[in-house]
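None of these values were measured; they are calculated from a predicted model. In what follows, every heavy atom counts, from backbone to side chain, and hydrogens, waters and symmetry copies are set aside.
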Amino acid sequence: MKQFNTIKLLAALLLLIGAAGCTKDEFTTRLPLDRLGDDNLWNTESDLQLYNNAIYPLYIRGFGTGFADGNLQPWGVNSAKIVYGDIITDNLVPVSFSPVAANTYTVPTASGSGGWNFANIRRLNIFLDNYNKANVTDEVKKLYLAEVYFFKAMDYFEKVKLFGDVPWINKELNTNSPELLAPRTPRAVVMDSVMTILDKAIEWLPAKGAQQSGRINRNVALHLKAQIGLHEGTFRKYHGLTGGEAFLKAAANACERLMGEGYSLYKYPGVSDPYNQIFAQYSYANNPEIILWYQYSADLQLGAAFSRYFTQNLRHQSGFSRNLVDEYLCIDGKPISTSPLFNLANRGLITKEFENRDPRLSQTIAQYGTYQLASSGIMGSNNAPKPNIPGLSGNKCPTGYRMAKWFINDPADWNRVTNGMQAVPVYRYAETLLIYAEAKAELNECTQQVLDQTINAIRSRVDMPPLTLADIPADPELDAAYATYCDYTPSPLLREIRRERRIEMAAEDVRWDDLMRWKAGKFLNIPVLGMKFVQSEYPTLTPGTNIYLNEDGFIEPYQRTLPGRNRVFDDRQYLFPIPLEDLVLNPNLDQNPGWPSK
């Protein structure tokens with residue numbers, strides 16, 4: 001594979017992405033100049049390549065870089081969003097409640113803030129306006145054009161998820177461009193355009209293993225298409241919009257193509273926690289499950305302080321929710337409400353409730369004394385023998401259910417601080433299979449063969465029993481939650497596919513999007529609870545004084561900080577608001593429903 005030369009401009013950024021099937025060499029990216037449209041920048045393949053190098057880190061970020069302490073808006077989460085994105089959902093509970101989750105988010109004022117920013121789209125459009133000037137073959141042009149189309153599809157997909165209708169911009173705009181005063185383009189038009197350019201990217205990108213070192217390949221774009229198709233197809237279905245079936249079919253077709261590309265679910269040999277180990281690696285170069293990954297460079301001392309601060313305080317000082325814990329099945333494939341293997345009296349008792357449960361529970365959440373998260377001189381949220389719950393000093397785990405997923409047990413990496421080398425799986429084949437199962441179920445095409453290829457393949461990694469169409473277990477508790485908090489109850493098959501997605505993808509930044517597309521945002525109204533408090537385990541704490549419990553003895557983190565002791569979801573939260581200054585600058589923009597416009 002080709003190794004790129006180091007280019008030093010105002011700053012140097014390093015991005016090494018693993019597109020499965022390719023060894024990793026190093027290449028650097030440069031910051032864009034003020035006059036990127038100058039003709040002398042568009043002569044050779046190297047010019048096109050270097051321009052695109054600067055685009056990669058705008059969209060594929062891993063855990064971030066350096067101290068990785070940025071705050072991403074509008075979500076209000078740490079720059080390692082792939083891990084911490086769930087703090088705005090019903091999966092993770094931060095010490096200080098999330099304004100997004102609690103509906104206390106306020107409309108941003110400044111133009112271009114709150115996610116309503118098209119600077120990166122402008123960078124992509126500059127390429128589209130100029131790439132044809134290069135003295136290279138059409139084949140070479142299409143290669144780099146495909147990369148730009150991929151990133152433009154990714155960018156607009158995110159904007160549509162955030163805002164619904166958004167302006168579709170096809171060229172570089174200047175201060176006097178009339179498009180600056182255009183109204184928003186309808187969602188349907190934008191998403192059709194997204195799928196059109198993404199199909200071009202899929203057509204022109206190289207096959208797996210044929211791409212240049214550190215660049216995306218066709219399969220990466222196919223996975224993005226599967227994500228987009230499932231999201232848009234289900235969003236339209238559950239929000240009463242037309243045209244969803246075509247997107248679901250596109251998702252299924254993209255998955256089928258990926259399923260023929262030689263990927264498989266990987267089980268690390270010789271370990272007792274094969275699921276947990278997926279997220280604690282320095283390289284995925286030979287992992288057949290990983291479609292796209294982010295690698296840091298030890299040689300150039302460019303990394304991220306993710307593992308150090310994960311070990312200390314999870315950045316957001318958060319814990320998993322009681323609601324998530326309850327959704328894990330027992331090892332007989334039945335939910336805790338109906339399985340004879342679960343004693344409901346043990347609910348909330350970490351030392352007992354993890355018994356006879358899906359092994360991913362104890363590999364995602366640290367049980368007492370497991371995944372020693374505080375050691376080697378690092379001051380952390382102690383989990384040995386008990387978690388550092390509210391009322392104790394130091395970094396808090398507000399629910400007692402401290403995250404073990406993403407923990408890498410290596411003090412050497414913690415002590416590298418900003419040069420941490422923990423790698424990031426960005427696109428996993430397990431998600432491809434989950435998308436396929438859900439899309440086929442939504443299309444009423446989910447057979448036992450589909451389940452065996454997808455849900456049951458995923459379960460087999462942790463030796464969980466298969467899901468069979470002829471014997472889908474009842475779950476009166478989860479069905480009642482849908483009936484209470486949603487305006488529909490999914491079929492038992494869809495309920496179980498959604499459960500599998502929640503369990504397998506916990507703390508991988510998919511839950512918020514799932515709640516939004518399923519029109520299930522009111523699941524955030526389910527009381528926020530943690531583990532059951534046992535006085536003998538915490539003799540220095542006094543309920544009602546320095547720790548707060550609900551009537552059944554479960555930790556209630558927001559009892560004193562939120563009105564009504566809980567979050568309250570409003571339908572306006574299905575879309576984020578447009579900044580107030582942008583509404584003033586462009587009077588043809590309209591605010592999203594329920595949000596103030598001045």
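Ring to ring, Phe157 and His231 are close: their centroids are under 6.0 angstrom apart. Taking the six-membered ring for Trp and the full ring otherwise, Trp116 and Phe163 have centroids separated by under 6.0 Å. Separation of the Tyr574 and Phe569 ring centroids falls under the 6.0 Å cut-off.
Between Tyr401 and Leu324, the closest side-chain pair of non-hydrogen atoms is not below 4.5 Å. Here the side chains of Tyr427 and Leu224 are in contact, with some heavy-atom distance below 4.5 Å. Taking 4.5 Å as the limit, some side-chain heavy atom of Pro577 sits within range of a side-chain heavy atom of Tyr105. With contacts defined as side-chain heavy-atom distances shorter than 4.5 Å, the pair Asp86/Trp512 does not qualify. Residues Glu504 and Leu434 meet the side-chain proximity criterion, which asks for heavy atoms closer than 4.5 Å. Between Trp595 and Asn592, some side-chain heavy-atom pair lies under the 4.5 Å cut-off. Taking the side chain as every heavy atom from C-beta outward, Met403 and Ile365 never approach each other to under 4.5 Å. Side-chain atoms of Glu556 and Val528, non-hydrogen and from C-beta on, never get closer than 4.5 Å to each other.
Judged by a 6.0 Å distance limit and a 45° cone about the ring axis, Lys208 is positioned over the six-membered ring of Tyr263. Cation-pi contact between Arg416 and Tyr282: present, with separation from the ring centre below 6.0 Å and deviation from the ring axis of at most 45°. Under the 6.0 Å distance and 45° angle rule, Lys159 counts as a cation-pi partner of Phe118. A cation-pi arrangement, defined by a distance under 6.0 Å to the six-membered ring centre and an angle within 45 degrees of its axis, is absent between Arg308 and Trp414. Seen from the ring of Phe407, Lys405 does not count as a face-on cation partner, given the 6.0 Å and 45° thresholds.
With Arg567 contributing its side chain and Leu524 its backbone, the two residues share a donor-acceptor pair below 3.5 Å. Looking only at distances, no side-chain donor or acceptor of Asn217 sits under 3.5 Å from a matching main-chain atom of Gln211. With hydrogens and angles ignored, the 3.5 Å screen pairs a side-chain donor or acceptor of Ser79 with a backbone N or O of Ala68. Put simply, the side chain of Asn323 never gets that close to the backbone of Ile526: no donor and acceptor are under 3.5 Å apart. The main-chain N or O of Leu265 is never found under 3.5 Å from a side-chain atom of Lys267 such that the two would form a donor-acceptor pair. The backbone N or O of Pro411 lies less than 3.5 Å from a partner atom in the side chain of Asn415, making a donor-acceptor pair. Within the 3.5 Å criterion, the main-chain N or O of Phe320 finds a donor-acceptor partner in the side chain of Thr399. A donor-acceptor pair under 3.5 Å is absent between the side-chain atoms of Tyr284 and the main chain of Leu292, judged by distance alone. Not one N or O on the side chain of Asn125 forms a donor-acceptor pair closer than 3.5 Å with the backbone of Glu172.
Of the inter-residue distances, the one linking Gln367 atom CD with Phe354 atom CZ reads 5.5 Å to the nearest 0.5 angstrom. Here the CG-CD distance, from Leu258 to Glu261, works out to 7.0 Å after rounding to the nearest 0.5 Å. How far CD of Glu327 is from CG of Asn91: 8.5 Å, rounded to the nearest 0.5 Å. Atoms CD1 and CZ, on Ile408 and Phe306 in that order, are 9.5 Å from each other to the nearest 0.5 Å. Rounding to the nearest 0.5 Å places CD of Glu500 at 10.5 Å from CG of Leu433. The distance from the CG atom of Leu205 to the OH atom of Tyr149 is 12.0 Å, given to the nearest 0.5 Å.
A donor-acceptor pair shorter than 3.5 Å cannot be found between the side chains of Asn276 and Arg360. A donor-acceptor contact closer than 3.5 angstrom is absent between the side chains of Gln49 and Asp47.
Checked for salt-bridge contact, Lys161 and Asp513 meet the test: a charged N lies under 4.0 Å from a carboxylate O. We find that Glu431 and Arg428 are not joined by a salt bridge, their nearest charged nitrogen and carboxylate oxygen being 4.0 Å or further apart.
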#### Entry: Steps toward side-chain contact (heavy atoms from CB on, under 4.5 Å) verdict (Leu575, Leu162)
CA-CA 5 Å; Leu575 296 174; Leu162 290 174; over 6 Å; no
### Task
Evaluate the criterion salt bridge (Lys or Arg N to Asp or Glu O under 4.0 Å) for residue pair Asp514 and Arg498; output intermediate values, then yes/no.
CA-CA 9 Å; Asp514 288 347; Arg498 290 182 179 186; over 6 Å; no
### Message
Between Glu438 and Arg517, does the salt bridge (Lys or Arg N to Asp or Glu O under 4.0 Å) criterion hold? Intermediate values first, please.
### Response
CA-CA 13 Å; Glu438 187 177 346; Arg517 66 188 177 89; 2.8 Å; yes
### Task
Kindly indicate, with the supporting measurements, whether the criterion side-chain contact (heavy atoms from CB on, under 4.5 Å) is fulfilled by Asn71 and Asn78.
CA-CA 5 Å; Asn71 187 278; Asn78 175 259; over 6 Å; no
### Message
What verdict does the side-chain contact (heavy atoms from CB on, under 4.5 Å) test give for Tyr548 and Ile555, after you've listed the backbone C-alpha separation in whole Å, the side-chain angles of each residue and the deciding distance to 0.1 Å?
### Response
CA-CA 6 Å; Tyr548 301 97; Ile555 296 174; over 6 Å; no
### Task
Apply the test side-chain contact (heavy atoms from CB on, under 4.5 Å) to residues Ile278 and Tyr266: give CA-CA distance (whole Å), side-chain angles for both, the deciding distance (0.1 Å), then the verdict.
CA-CA 8 Å; Ile278 298 169; Tyr266 188 68; over 6 Å; no
### Task
Apply salt bridge (Lys or Arg N to Asp or Glu O under 4.0 Å) to Glu289 and Arg461, showing your working.
CA-CA 12 Å; Glu289 182 173 345; Arg461 172 160 42 206; 2.5 Å; yes
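Listed here is the closest heavy atom pair of Ala201 and Ala146: CB-O, 3.4 Å.
Take Asp90 and apply the salt bridge (charged side-chain N to carboxylate O under 4.0 Å, His left out) test, not counting sequence neighbours, and it matches Arg502, Arg511. With sequence neighbours excluded, no residue forms a side chain to side chain donor-acceptor pair (under 3.5 Å) with Asp570.
With respect to Trp406, the ring pair (Phe, Tyr, Trp, His ring centres under 6.0 Å) criterion is satisfied by exactly one of Phe310, Tyr275, Tyr371, Phe279: Phe279.
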